[in-house]
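Heads up, the thing below is written out as structure tokens.
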Amino acid sequence: MKPLEISFTPVDNQRLANLCGVLDENLRQVETALDVGIARRGERFTLTGSPERARTAAKVLQDFYDRARDPLSLDAVQLALIEAGHKGAAHADIPAPALITRKQDLHGRTPRQNEYLLNIQKHDITFSVGPAGTGKTYLAVACAVDALERDAVQRIILVRPAVEAGERLGFLPGDMREKVDPYLRPLYDALYDMLPAQQVVKRLESGEIEVAPLAFMRGRTLANAFVILDEAQNTTSVQMKMFLTRLGQNARMVVTGDLSQVDLPKGTRSGLRHAVEVLHQVPNVAFVHFSEADVVRHPLVSRIVRAYNDAESRLGLGARYESGPAGSDDAID
């Protein structure tokens with residue numbers, strides 16, 4: 001395949017430096033994400049790889065050069081590469097719903113993420129299943145904050161099962177909130193990214209935002225609320241049924257989980273897997289299945305997820321929902 005050569009004019013050495021990044025880190029990101037080779041001499045770049053990928057890389061580099069008056073952040077580079085990789089894909093024209101959060105440019109980065117946001121807005125209960133890094137929890141929290149800011153709900157309730165991730169942490173000091181906070185930290189992190197810190201503290205104190213372990217949900221009716229159950233792969237079938245039947249009037253639920261990372265005791269079936277099988281034909285319940293193509297972290301993360309999935313398929317371990325036998329939740333140790 002003949003290499004594709006491009007050059008940037010008028011030549012601006014500072015822009016070129018910002019485009020390439022420290023030690024050409026931005027160029028390495030483009031190579032990894034788009035599976036191309038990049039050689040540079042001054043303002044001239046030589047791109048090797050399939051013609052389609054080389055053309056995509058050329059467009060990405062031109063876009064980065066146009067934006068490189070200031071240094072490009074690693075996050076901006078990675079997100080732009082993710083979006084570039086999905087352009088032209090099926091359903092790429094799915095509109096991105098506008099959300100009211102502290103991050104004004106927040107939107108779905110892949111067609112599947114936009115589908116997820118639309119399903120949350122249209123359905124009372126939405127399940128999102130897929131690997132880490134696909135935005136399942138982050139986008140759900142964004143929708144919850146958006147609903148609260150629009151006065152569509154009166155409160156946000158964020159729920160997680162208190163299950164250790166393959167470790168035994170032993171006794172944790174402090175009161176009940178201090179004991180469960182380590183399990184709920186990812187939800188707090190997303191909240192602080194969506195709202196000013198003082199608002200988060202104020203709303204937590206007033207009860208407008210509640211973060212609680214799953215066990216605290218029994219016996220409650222959750223009305224006028226946006227409720228998120230995170231890490232739902234670590235619920236049992238009984239816990240999942242208990243949680244879903246808490247749904248009250250003017251409430252919305254989002255259930256997120258990754259069936260390749262079940263931390264339940266061996267032989268215990270995941271309530272998330274069971275719910276996906278049992279509820280798939282229930283009206284007003286939506287399901288969104290993410291894949292490694294939707295990972296919005298470092299480009300290498302999607303390749304790691306794909307490598308594990310391929311290994312699990314070859315070994316017949318069935319850790320993924322799509323390929324796993326019914327009732328099997330074992331993953332690679």
Side-chain angles (χ1 to χ4, degrees), residues 29 32-35 75 78-79 81-86 89-91 94 107-117 119-120 126-143 160-161 163-167 183 185-187 189-190 193 228-235 240 254-264 269-277 280 286-326 328-333:
Q29 294 290 328
T32 300
L34 301 181
D35 195 20
D75 283 348
Q78 291 175 356
L79 290 174
L81 287 170
I82 289 163
E83 292 181 335
H86 284 276
H91 308 300
I94 295 176
H107 60 275
R109 301 290 178 174
T110 72
R112 191 63 53 80
Q113 287 188 346
N114 285 333
E115 177 191 348
Y116 179 40
L117 294 175
N119 274 319
I120 291 175
T126 301
F127 285 82
S128 63
V129 183
T134 51
K136 302 183 302 292
T137 302
Y138 193 80
L139 292 175
V141 173
C143 288
R160 251 192 170 205
V163 177
E164 295 166 346
E167 302 174 81
Y183 299 101
R185 177 50 52 189
L187 297 173
D189 291 342
D193 216 17
I228 300 171
L229 174 59
D230 191 35
E231 298 291 341
Q233 75 275 5
N234 289 328
T235 64
M240 179 63 77
V254 178
V255 179
T256 75
D258 178 0
L259 286 169
S260 71
Q261 299 194 41
V262 177
D263 300 310
L264 294 169
R269 194 173 188 210
S270 168
L272 176 59
R273 182 185 296 279
H274 185 240
V276 171
E277 294 172 355
H280 68 281
F287 293 88
V288 179
H289 293 270
F290 290 102
S291 70
E292 66 270 9
D294 300 295
V295 171
V296 291
R297 292 179 182 168
H298 190 289
L300 191 56
V301 174
S302 63
R303 295 190 176 193
I304 291 171
V305 172
R306 189 181 309 121
Y308 270 99
N309 287 343
D310 290 345
E312 288 157 4
S313 294
R314 288 195 305 271
L315 296 174
L317 295 178
R320 293 177 298 166
Y321 173 75
E322 293 83 359
S323 60
S328 171
D329 294 311
D330 294 335
I332 289 179
D333 291 329

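Keep in mind it's a predicted model, so treat the numbers as computed, not measured.
Taking CD of Glu115 as the reference point, atom OG1 of Thr126 lies at 10.5 Å (rounded to 0.5 Å). Atom OG in Ser128 sits 10.0 Å away from atom CG in Asn119 (nearest 0.5 Å). Distance CG/Leu264 to CZ/Arg269: 12.0 Å, rounded to 0.5 Å. Considering CG of Leu259 and CG of Leu272, their distance stands at 4.5 Å, rounded to 0.5 Å.
You'll find the side chain of Val262 stays beyond 4.5 Å of the side chain of Arg273, heavy atoms only. Residues Thr256 and Leu229 fail the side-chain proximity criterion, which asks for heavy atoms closer than 4.5 Å.
Ring orientation note: the planes of Phe290 and Tyr116 are nearly perpendicular, at an angle over 60° on the 30°/60° scale.
Asp193 places no side-chain N or O within donor-acceptor distance of the main-chain N or O of Asp189, the cut-off being under 3.5 Å. A donor-acceptor contact shorter than 3.5 Å is absent between the side chain of Arg112 and the backbone of Val288. Counting only distance, with no hydrogens or angles, the side chain of Gln113 and the backbone of Thr134 share a donor-acceptor pair below 3.5 Å. Judged purely by atom type and a 3.5 angstrom limit, Gln233 uses its side chain to pair as donor or acceptor with the backbone of Asp258.
Considering every non-hydrogen atom in both Ala140 and Val254, the closest pair reads CB-CG1, 3.8 Å. For the pair Tyr138 and Ala190, the tightest heavy-atom approach, listed with the atom from each and the gap, is CD1-CB, 4.3 Å.
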Quiz prompt | side-chain contact (heavy atoms from CB on, under 4.5 Å) between Glu231 and Asp263, intermediate numbers included | solution = CA-CA 10 Å; Glu231 298 291 341; Asp263 300 310; 5.5 Å; no
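Evaluated for a salt bridge (Lys or Arg N to Asp or Glu O under 4.0 Å) with Asp230, the options Arg185, Lys136, Arg160 yield exactly one hit, Arg160.
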